[in-house]
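Below is one structure, written out as structure tokens; comments come after it.
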Amino acid sequence: MRQVYLDHQSATPLLPEALDAMRPFLTEAFGNPSSLHQLGLRAREAMHHARVQIAALLNAESPEDIFFTSDGQESANLAVKGVAYANQRKGHHIVCSETEHPAVLNSIEFLEKQGFTCTKVKVDRQGFVNPDEVRAVITDQTILVAVHHVNHDIGAIEPVKAIGRIAAERGVPFYVDAEASAGWLPIDVQAFGANLLSFSPHKLYGPKGVGVLYRNKKARLVSILHGGVQEGGRRAGIENVPAIVGAGVAAELALRDMPQRIAHTARLQRKLWEQLQARVPYLQLNGPEPGPHRISTNLNISTEFIEGEGQLLRCDVHGIAVASGSSCVSKSLKISHVLAAIGLNHALAQGNLIMSLGKDNTDEDIDYVVETFAEKVVAPLRAMSPMWDEFERGLIDSAIHPRGQGKSFAAHAATISGKH
Amino acid sequence: MRQVYLDHQSATPLLPEALDAMRPFLTEAFGNPSSLHQLGLRAREAMHHARVQIAALLNAESPEDIFFTSDGQESANLAVKGVAYANQRKGHHIVCSETEHPAVLNSIEFLEKQGFTCTKVKVDRQGFVNPDEVRAVITDQTILVAVHHVNHDIGAIEPVKAIGRIAAERGVPFYVDAEASAGWLPIDVQAFGANLLSFSPHKLYGPKGVGVLYRNKKARLVSILHGGVQEGGRRAGIENVPAIVGAGVAAELALRDMPQRIAHTARLQRKLWEQLQARVPYLQLNGPEPGPHRISTNLNISTEFIEGEGQLLRCDVHGIAVASGSSCVSKSLKISHVLAAIGLNHALAQGNLIMSLGKDNTDEDIDYVVETFAEKVVAPLRAMSPMWDEFERGLIDSAIHPRGQGKSFAAHAATISGKH
Amino acid sequence: MSDNYTLYNQTVMDHFLNPRNLGDLKDADGVGEVGAAACGDIMKISLKIEDGKIKDARFKTFGCGSAIASSSMATELIKGRSIEEAMSFSNQEVVSALGGLPPVKIHCSVLAEEALKAALEDYLKKHPEMAARVQPKAEAPPA
Amino acid sequence: MSDNYTLYNQTVMDHFLNPRNLGDLKDADGVGEVGAAACGDIMKISLKIEDGKIKDARFKTFGCGSAIASSSMATELIKGRSIEEAMSFSNQEVVSALGGLPPVKIHCSVLAEEALKAALEDYLKKHPEMAARVQPKAEAPPA
Ligand SMILES: Cc1ncc(COP(=O)(O)O)c(C=O)c1O
Ligand SMILES: Cc1ncc(COP(=O)(O)O)c(C=O)c1O
């Protein structure tokens with residue numbers, strides 16, 4: 001059976017070149033970088049080299065502005081809380097978009113319990129933040145503006161340059177979560193006006209166990225994990241040297257191969273979406289159209305009348321790895337807050353499926369996915385769905401292509417839930 | 001040149017068996033454990049297996065009580081802050097020993113800025129906590145008692161069982177930092193009465209990039225890294241699957257080989273200390289004598305009249321990897337707070353050297369270290385030292401073996417510093 | 001199935017991938033359709049009832065793997081039971097028969113119980129004589 | 001040296017491992033011993049001074065690698081200088097000649113400067129005639 005991995009936004013395979021570079025640090029070069037002997041100094045030098053490689057990917061002013069954490073979520077925690085605590089004498093107000101990753105939103109929520117306040121800027125139906133709204137909500141008390149580069153769920157590329165200019169005008173540190181874009185879109189912290197920017201190397205063919213936080217001197221930052229004096233005092237804890245070395249190599253190759261990776265995934269993304277639409281009726285794209293405003297790796301669809309987990313499991317049975325923002329898939333039994341923010345109705349959010357492409361996917365992969373999805377996933381699940389049946393019988397209508405007959409799904413769901 | 005690694009308390013080499021187990025998770029099995037497809041589910045199952053292996057090492061009631069973090073320091077941060085925040089309605093008082101690792105002490109210091117209070121129990125001149133003193137300082141407001149199993153600097157094995165009983169009597173959660181003991185001393189969380197216990201697999205021949213926190217249901221714990229719902233909601237961030245798998249194997253082999261590892265290092269520890277004493281005059285052991293009250297891996301010495309960094313660098317030039325608690329070596333320019341706590345005078349703390357043994361050290365290693373240390377390290381550094389010269393001329397006296405003539409080092413240092 | 005790793009156990013996966021009693025019963029004697037507030041799943045169960053016994057059952061489900069498996073299993077279990085027995089059907093039976101469900105998915109089995117009970121209610125509404133027999137307390141005025 | 005990785009650069013390591021001018025000068029004309037409050041290092045420099053010029057210098061140091069290297073380099077640099085020149089000796093010279101020191105270790109070079117100045121002071125105390133020449137302001141009463 002063909003195996004097709006379409007979950008690159010959850011994890012990517014490790015580049016062989018990165019693993020090769022890591023190997024000595026997994027074996028003979030096992031020193032603690034805080035140690036002052038050969039093994040420690042060798043580790044320290046290797047980490048410096050990785051900082052240089054990563055600084056290049058981000059166009060950072062200095063490798064000293066690159067900090068290593070354990071992953072993208074820790075980086076986001078450090079950026080948000082580290083800036084907040086460092087500036088609490090100045091003010092207590094944070095601005096972010098409502099579609100940030102939970103690492104940002106929940107860090108802010110934690111700070112709110114400690115007396116900080118937050119204004120969450122709304123997004124439009126495609127997921128875009130309006131820079132003017134950011135401008136409008138910044139106050140004298142604002143100590144941080146946090147807007148991600150690309151939304152992880154729906155692939156919307158946010159206007160970070162414009163937001164960076166506004167933050168700079170107001171003298172407020174600007175943090176960009178670049179988890180979904182690093183390695184897949186050019187990043188230039190200087191052009192973005194970003195004082196902080198984070199990502200996870202494991203999303204760009206690097207290893208797990210390491211996160212990156214860029215931070216320039218204009219943003220004060222205090223530690224949130226306390227203890228030893230690692231990472232210039234910004235993060236206690238022994239450095240994961242092999243992973244850091246692998247991250248450096250992954251960053252270097254991501255920069256080198258970025259044009260090809262973008263072109264390849266963008267072509268497959270269009271092909272996938274066009275063929276899916278042709279083969280499967282009542283399918284909706286969430287987020288912007290494939291093109292300059294959407295990351296080339298992400299396709300977020302809603303299959304009407306069926307639920308997401310079932311689609312995911314049936315894909316898996318046929319060798320296709322995908323993700324879903326359906327409430328059944330989330331551990332919290334809630335639909336993705338991003339889908340809620342763009343105003344997607346609950347039934348379509350339930351039917352959500354996220355396919356994320358990578359550099360090694362092929363045209364044959366796409367053909368296989370489209371055929372399998374239509375025949376082995378959607379067809380049997382619709383045959384099981386009371387909604388599909390009721391739609392065919394004209395009792396309920398489609399939200400995607402309304403025929404003007406029958407109740408809406410929501411009205412129907414309310415009626416039957418009302419029974420109880 | 002012979003290479004002798006005597007810095008096992010900073011890092012240990014990875015077991016080949018652990019690396020073998022990790023390899024598939026570094027290559028084809030790269031899934032995100034939160035994913036619901038084959039690659040995700042495989043990672044999830046592998047993590048469960050590691051929890052079982054680690055639960056066995058600690059005699060934990062359930063593998064569900066094992067949480068993975070990025071390292072021992074993050075585990076300590078989570079234990080201290082996670083319990084403190086979870087119990088702040090009950091009280092704000094924390095009890096710890098004054099010789100805890102900075103990960104514990106600095107976490108508490110951070111909490112103190114937020115209104116928590118702490119009583120640091122003193123240690124005696126060998127580094128031991130008196131359980132009665134712990135009993136005496138627990139109040140109705142106490143929400144956490146934190147005492148490490150073994151001190152990382154001086155190898156003192158603390159009376160954790162007795163302290164655990166006292167904490168249990170008072171109904172206060174008990175946290176044990178077992179970083180310096182896990183894999184090197186039997187650990188039984190149930191016998192210790194520990195509600196929380198942490199360690200780093202990289203100290204017992206596991207990989208970097210993973211820490212362990214055991215926590216049983218009797219201690220409430222909230223997350224300190226916010227975001228996704230990983231680790232039962234206790235720790236946001238993608239799990240470092242390969243490292244977790246390696247940690248499981250390292251724990252399993254540590255349990256299997258523990259008697260031999262202890263016997264071997266204990267024998268070498270005695271031999272090293274006896275031979276060093278015989279070859280190098282004016283040498284002092286810090287912490288308890290080798291024996292039942294000292295971990296078998298650690299030898300902490302002070303070489304009088306010379307400083308630690310120089311000893312360390314000269315050891316390194318001759319292939320010997322060691323550590324030092326000297327202020328010149330610390331990034332904060334302070335002597336180890338542990339050496340200060342046991343009342344070591346500043347000059348002897350300056351001359352501090354930490355040699356930590358491992359399972360692969362040999363008798364020949366010890367012979368080489370003793371000879372090299374006497375001839376190539378101490379001899380030339382004493383020849384450079386004005387203190388040695390002044391000691392020989394009878395102007396200052398030895399703190400280790402006083403001859404009853406000359407000023408003390410401290411008095412001398414005060415005089416010359418007074419010049420300025 | 002060639003899979004090595006499954007989110008659910010083999011029984012659940014089998015009922016999800018090869019659901020039993022899928023479909024609608026034409027001329028059903030009772031139909032129940034219910035929705036789960038928690039996650040938005042929808043389940044519909046139709047019953048054929050003869051001589052106070054459930055002769056046949058069918059389901060349709062809009063929901064996750066465990067919701068589909070739960071309704072498949074519920075219809076399997078209920079066939080052949082008397083109305084009285086069916087009235088005391090509990091989601092725990094579904095969970096046991098499936099060999100367990102993840103804690104967050106227990107509500108799927110509850111939904112199956114609710115759909116079944118809704119179908120029975122529907123039947124009893126149309127058959128007051130049967131309702132009087134199986135729900136005497138609801139009919140007899142309190143002493 | 002067979003090492004591949006060093007905490008300090010090669011010049012510093014060389015001066016640490018092969019210190020120049022190590023020892024005491026018998027019949028020194030000036031001796032200075034100073035201690036660093038920051039870390040507890042102790043440095044002693046002895047000078048041989050003839051015709052207002054530093055003919056020879058020796059050091060002994062209790063301290064870390066960079067402290068030893070700093071005093072070794074300081075004694076190298078100072079030899080042959082006049083007292084006046086030596087009076088304006090700055091730790092920056094040591095740092096430059098060593099090709100740089102880590103930021104936390106700059107204080108070691110300051111200690112070398114202080115030890116040297118202490119030795120000069122000691123000499124000047126014993127030689128008021130020279131002191132008068134090199135420190136005229138301190139001797140001449142203010143106008
Ligand atoms: C007692 C103790 N706790 C915690 C730590 C920190 O662990 P890690 O090296 O994993 O950051 C150490 C490290 O030496 C330690 O000795
Ligand atoms: C936008 C964004 N930020 C942060 C994270 C978290 O990163 P990690 O997977 O390294 O925990 C993610 C993960 O998907 C993400 O999409």
Side-chain angles (χ1 to χ4, degrees), chain A residues 5 7 10-14 19 26-28 30-32 34-40 70-74 76-77 101-104 106-107 109-110 114 200 202 207-210 224-229 236-243 309 312-313 315-316 320-324 329 331-332, chain B residues 5 7 10-14 19 26-28 30-32 34-40 69-74 76-77 101-103 106-107 109-110 114 200 202 207-210 224-229 236-243 309 312-313 315-316 320-324 329 331-332:
Chain A
Y5 186 74
D7 194 17
S10 293
T12 55
L14 184 58
L19 182 56
L26 286 166
T27 52
E28 80 268 15
F30 62 85
N32 185 326
S34 293
S35 294
L36 296 189
H37 47 66
Q38 291 306 292
L39 283 173
S70 64
D71 79 324
Q73 298 201 51
E74 189 195 325
N77 274 258
H101 189 269
V104 171
N106 296 353
S107 289
E109 195 187 303
F110 170 77
Q114 304 190 343
S200 285
H202 78 89
K208 294 181 189 63
V210 58
I224 60 165
L225 289 178
H226 301 93
V229 188
I238 186 173
E239 303 88 341
N240 188 356
V241 183
E309 188 200 273
L312 188 160
L313 293 177
C315 281
D316 187 40
I320 302 169
V322 295
S324 166
V329 171
K331 291 171 190 157
S332 58
Chain B
Y5 186 74
D7 194 16
S10 294
T12 55
L14 184 59
L19 182 55
L26 287 166
T27 51
E28 79 269 14
F30 61 86
N32 185 326
S34 292
S35 294
L36 295 188
H37 48 65
Q38 292 306 293
L39 284 172
T69 69
S70 64
D71 79 324
Q73 298 201 51
E74 188 194 325
N77 273 258
H101 189 270
N106 296 353
S107 288
E109 197 187 302
F110 169 77
Q114 303 190 343
S200 285
H202 79 89
K208 295 180 188 64
V210 57
I224 60 165
L225 288 180
H226 301 93
V229 187
I238 186 173
E239 303 89 340
N240 188 356
V241 183
E309 188 200 273
L312 188 160
L313 293 177
C315 281
D316 187 40
I320 302 169
V322 295
S324 167
V329 171
K331 290 172 194 159
S332 58

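Each chain gets a letter, A, B and so on, in the order its sequence line appears, and its residues count up from 1.
- Of the two parts of B:Asn77, only the side chain, counted from C-beta on, holds a non-hydrogen atom closer than 4.5 Å to a non-hydrogen atom of chain A.
- Counting only heavy atoms from C-beta outward, the side chains of B:Leu26 and A:Leu26 approach each other to under 4.5 Å.
- Rounded to the nearest 0.5 Å, atoms CD (A:Glu74) and CD1 (B:Ile238) are 14.0 Å apart.
- Heavy-atom distances place no part of B:Pro207 under 4.5 Å from chain A, backbone and side chain included.
- Across B:Leu313 and A:Leu36, no two heavy atoms sit closer than the pair CD2-O, 4.2 Å.
- Heavy-atom distances place the backbone of A:Val322, and not its side chain, under 4.5 Å from chain B.
- Only the side chain of B:Leu19 comes within contact range of chain A, judged by heavy atoms closer than 4.5 Å.
- With a threshold of 4.5 angstrom between heavy atoms, B:Asp71 approaches chain A through side-chain atoms but not through N, CA, C or O.
- Heavy-atom pairs under 4.5 Å with chain A peak, among B:Lys208, B:Glu28, B:Glu109, at B:Lys208.
- Within the 4.5 angstrom heavy-atom criterion, atoms from both the backbone and the side chain of B:Ala236 approach chain A.
- Per-residue heavy-atom pair counts under 4.5 Å with chain B were compared for A:Gln73, A:His226, A:His37, A:His202, and the maximum is reached by A:His226.
- Highest contact tally toward chain A, considering only B:Gly237, B:Ser70, B:Gly209, is held by B:Gly237 [criterion: heavy-atom pairs under 4.5 Å].
- Chosen from B:Ala243, B:Pro242, B:Ala321, the residue pairing most often with chain A at heavy-atom distances under 4.5 Å is B:Ala321.
- Among A:Leu312, A:Val210, A:Leu225, A:Leu14, the residue making the largest number of heavy-atom pairs under 4.5 Å with chain B is A:Leu225.
- The part of B:Leu39 that comes within reach of chain A is its side chain, from C-beta onward, which places non-hydrogen atoms under 4.5 angstrom from that chain.
- Across every non-hydrogen atom of B:Asn32 and A:Ala11, the tightest pair is N-CB, 3.8 Å.
- Minimum heavy-atom separation, B:Phe30 to A:Thr12: CD1-C, 3.5 Å.
- Residues forming a side chain to side chain donor-acceptor pair (under 3.5 Å) with B:Glu309 (at least two apart in sequence, or on another chain): D:Tyr8, D:Lys105.
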